[in-house]
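Structure, as structure tokens:
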Amino acid sequence: MVAPPAGPGPAPVTAELQCVVLDCPDPHRLAAFYAELLGGEVDRPDRRWALGAGWATLHTPSGLVLAFQRVAEYEPPRWPQPSRPQQFHLDFGVPDLDVAREQVLSRGATVLDDSAGRGWHVYADPAGHPFCLVGH
């Protein structure tokens with residue numbers, strides 16, 4: 001792992017949190033559940049995401065966006081059993097995917113999928129948690 005640069009002031013920011021994405025068998029049902037719990041708008045048009053059968057979003061009144069992603073053969077977590085851990089990933093908005101790629105790799109991330117032609121790339125943090133960098 002590469003240490004952040006030493007010196008006065010905070011390290012430069014690479015990305016901004018766009019949403020937390022939860023794996024699930026039925027994205028729209030789970031979005032409706034959280035909308036009833038938190039308020040907000042399900043599947044509000046947003047240039048950052050294409051909506052569809054396998055993806056739903058909830059824009060909450062606080063500004064937080066939750067997203068729900070269909071996973072085939074989904075198996076829910078079993079708290080606190082590590083054999084079935086919690087399942088989610090973070091999406092981070094970045095102005096330049098290539099610059100952000102170099103920054104996260106230099107900080108210890110690894111590439112999971114950076115296929116060309118898409119507006120996002122998938123990485124793992126140093127502990128193996130997946131996250132996406134999404135161009136904006």
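None of the values given here were measured: they were computed from a predicted structure. Note that these values count all heavy atoms, side chains included, but never hydrogens, waters or copies made by symmetry.
- Between D43 and A56, the shortest heavy-atom contact is OD1-CA, 3.2 Å.
- Side chain of R70 to backbone of A53: a donor-acceptor contact under 3.5 angstrom is found.
- A salt bridge between R48 and D46 is present, with a side-chain N of the basic residue lying under 4.0 Å from a carboxylate O of the acidic one.
- The minimum heavy-atom distance linking C24 with L30 is given by the pair CB-CD2, 3.6 Å.
- One hydrophobic cluster, built from ILVMFWY side chains closer than 4.5 Å, cannot hold both F92 and L112; they sit in different ones.
- When hydrophobic clusters are built by joining Ile, Leu, Val, Met, Phe, Trp and Tyr residues whose side-chain heavy atoms come closer than 4.5 Å, directly or via intermediates, Y34 is not grouped with Y74.
- Scanning both residues, T57 and R44, for their nearest heavy atoms gives OG1-N, 4.1 Å.
- Here CD of Q103 is found 11.0 Å from CG of D98. Values are rounded to the nearest 0.5 Å.
- Hydrophobic clustering of Ile, Leu, Val, Met, Phe, Trp and Tyr side chains at less than 4.5 Å, counting indirect connections, unites F131 with L17.
- With hydrophobic clusters built from ILVMFWY side chains whose heavy atoms lie under 4.5 angstrom apart, L38 shares a cluster with F68.
- In this structure, D113 pairs ionically with R118, as a charged nitrogen and a carboxylate oxygen lie closer than 4.0 Å.
- Here the side chains of L90 and V20 are in contact, with some heavy-atom distance below 4.5 Å.
- A donor and an acceptor atom, one from each side chain of D91 and H89, are located under 3.5 Å apart.
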task: Just do the side chain to side chain contact (heavy atoms under 4.5 Å, CB included) check on V94 and R101 with the steps written out, would you?
output: CA-CA 10 Å; V94 298; R101 170 191 168 86; over 6 Å; no
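- Minimum heavy-atom separation, L66 to L22: CD2-CD1, 4.4 Å.
- A donor-acceptor pair shorter than 3.5 Å can be found between the side chains of R107 and T14.
- V13 belongs to no hydrophobic cluster with other residues, because no ILVMFWY side-chain heavy atom falls under 4.5 Å from its own, directly or through intermediates.
- F88 is linked by a ring-ring contact (aromatic ring centres under 6.0 Å, His included) to nothing, counting only residues two or more places apart in sequence or in another chain.
- Smallest separation of non-hydrogen atoms from D96 and V99: OD1-N, 3.0 Å.
- The shortest distance between side-chain heavy atoms of L105 and Y123 falls below 4.5 Å.
- Nearest heavy-atom pair, A35 versus L58, reported as atom, atom and distance to 0.1 Å: N-CD2, 3.6 Å.
- Cluster note: V21 groups with W49, L51, W55, V65 through ILVMFWY side-chain heavy atoms spaced under 4.5 Å, whether in direct contact or through intervening members.
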